[in-house]
Participant: 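Sharing a structure below in structure tokens format, with a few things to ask.
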Amino acid sequence: GAVVSQHPSRVICKSGTSVKIECRSLDFQATTMFWYRQFPKKSLMLMATSNEGSKATYEQGVEKDKFLINHASLTLSTLTVTSAHPEDSSFYICSARVSQGNYGYTFGSGTRLTVV
Amino acid sequence: SQELEQSPQSLIVQEGKNLTINCTSSKTLYGLYWYKQKYGEGLIFLMMLQKGGEEKSHEKITAKLDEKKQQSSLHITASQPSHAGIYLCGADRTGTASKLTFGTGTRLQVTL
């Protein structure tokens, strides 16, 4: 149980375009989801906390207008990278907190974004 | 500055050897999580520790949280190639389970 599905797993886009990444909780409701970014050979950096039905909470230094987060339902959060540039190329991972069992937080499989 | 420090940053061990990875915080940890990641993939949950002095084991992996709840160690016994990957400690430092932030990571390679 407690599975988070992230899509797409890989995406290549042109500079200046926008890309949407989806994160779905498959067998549980997630009122809160988290978005992380991971640079090569680095740890995960928390970008923002996505709250169902309200605005996301962004970490310091993360551009709200660049990384748009929408959490319109209890099972879906989306991250849109707007006007993407090559420096936005990275590995993005979503997570949801699991209240039941002993999982703590469960993670999606990640999305590798390449901006050309 | 990084608030969760992991050591070592990387580790190469021979198959069958034991190893320990440490995760240290300057602040009290209300929840300490250990995950494993294959490069370019998602995170696999290993263990969660909440109480000072707590110790948990799963197969050949044991994790401990010290009494002061500021340091955790992950110990692998008789390492295997399948143990290779990036080990990440994550912490809830607010006590409200509001968000999880991660340590610097430890890259483990297991040689034959």
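A quick note: this is a predicted structure, and the numbers were derived from the prediction, not measured. Numbered from 1 within each chain, the chains take letters A, B, ... in sequence-line order.
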Participant: Out of B/Gly40, B/Gly90, B/Ser10, which one racks up the most heavy-atom pairs below 4.5 Å with chain A?
Facilitator: B/Gly40
Participant: To the nearest 0.5 Å, what is the distance between CG on B/Leu74 and CG on B/Leu108?
Facilitator: 9.5 Å
Participant: Give a yes or no on whether A/Lys55 atom NZ has more than 12 heavy-atom contacts from other residues, nucleotides or ligands under 6.0 Å away.
Facilitator: no
Participant: Check for a donor-acceptor pair, side chain of B/Glu5 on one end and backbone N or O of B/Cys23 on the other, with a separation under 3.5 Å.
Facilitator: no
Participant: What parts of residues 59-93 of chain A touch chain B if we use heavy atoms and a cut-off under 4.5 Å?
Facilitator: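 So far as heavy atoms go, A/Glu59, A/Phe91, A/Ile93 are the residues that approach chain B to under 4.5 Å.
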Participant: Keeping the roles fixed (side chain from A/Ser43, backbone from B/Gly103), state whether a donor-acceptor pair exists under 3.5 Å.
Facilitator: yes
Participant: Would you say the side chain of B/Phe102 lies within less than 4.5 Å of the side chain of B/Tyr35, judging by non-hydrogen atoms?
Facilitator: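 Yes, side chains in contact.
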Participant: Measuring from atom CD of B/Glu15 to atom OG1 of B/Thr111, what distance do you get when rounded to the nearest 0.5 angstrom?
Facilitator: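 If we round to the nearest 0.5 Å, B/Glu15:CD and B/Thr111:OG1 are 8.0 Å apart.
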Participant: If we count only N and O atoms by modelled type, under 3.5 Å, do the side chains of A/Trp35 and A/Ser50 hold a donor and an acceptor together?
Facilitator: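 Per modelled atom types, A/Trp35 and A/Ser50 side chains form no pair under 3.5 Å.
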Participant: Which atoms of B/Gln37 are under 4.5 Å from chain A, going by heavy atoms: the side chain, the backbone, both sets, or neither?
Facilitator: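 Side chain only.
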Participant: Quick one: pull up CZ in B/Arg107 and CD in B/Gln6 and give me the separation to the nearest 0.5 Å.
Facilitator: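 Nearest 0.5 Å value for the CZ-CD distance: 12.0 Å.
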Participant: Please state whether the side chain, the backbone, both or neither of B/Leu100 comes within less than 4.5 Å of a heavy atom of chain A.
Facilitator: both
Participant: Can you tell which of A/Thr49, A/Leu46, A/Val4 has the highest number of heavy-atom pairs within less than 4.5 Å of chain B?
Facilitator: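 Ranked by contacts with chain B, first place is A/Leu46.
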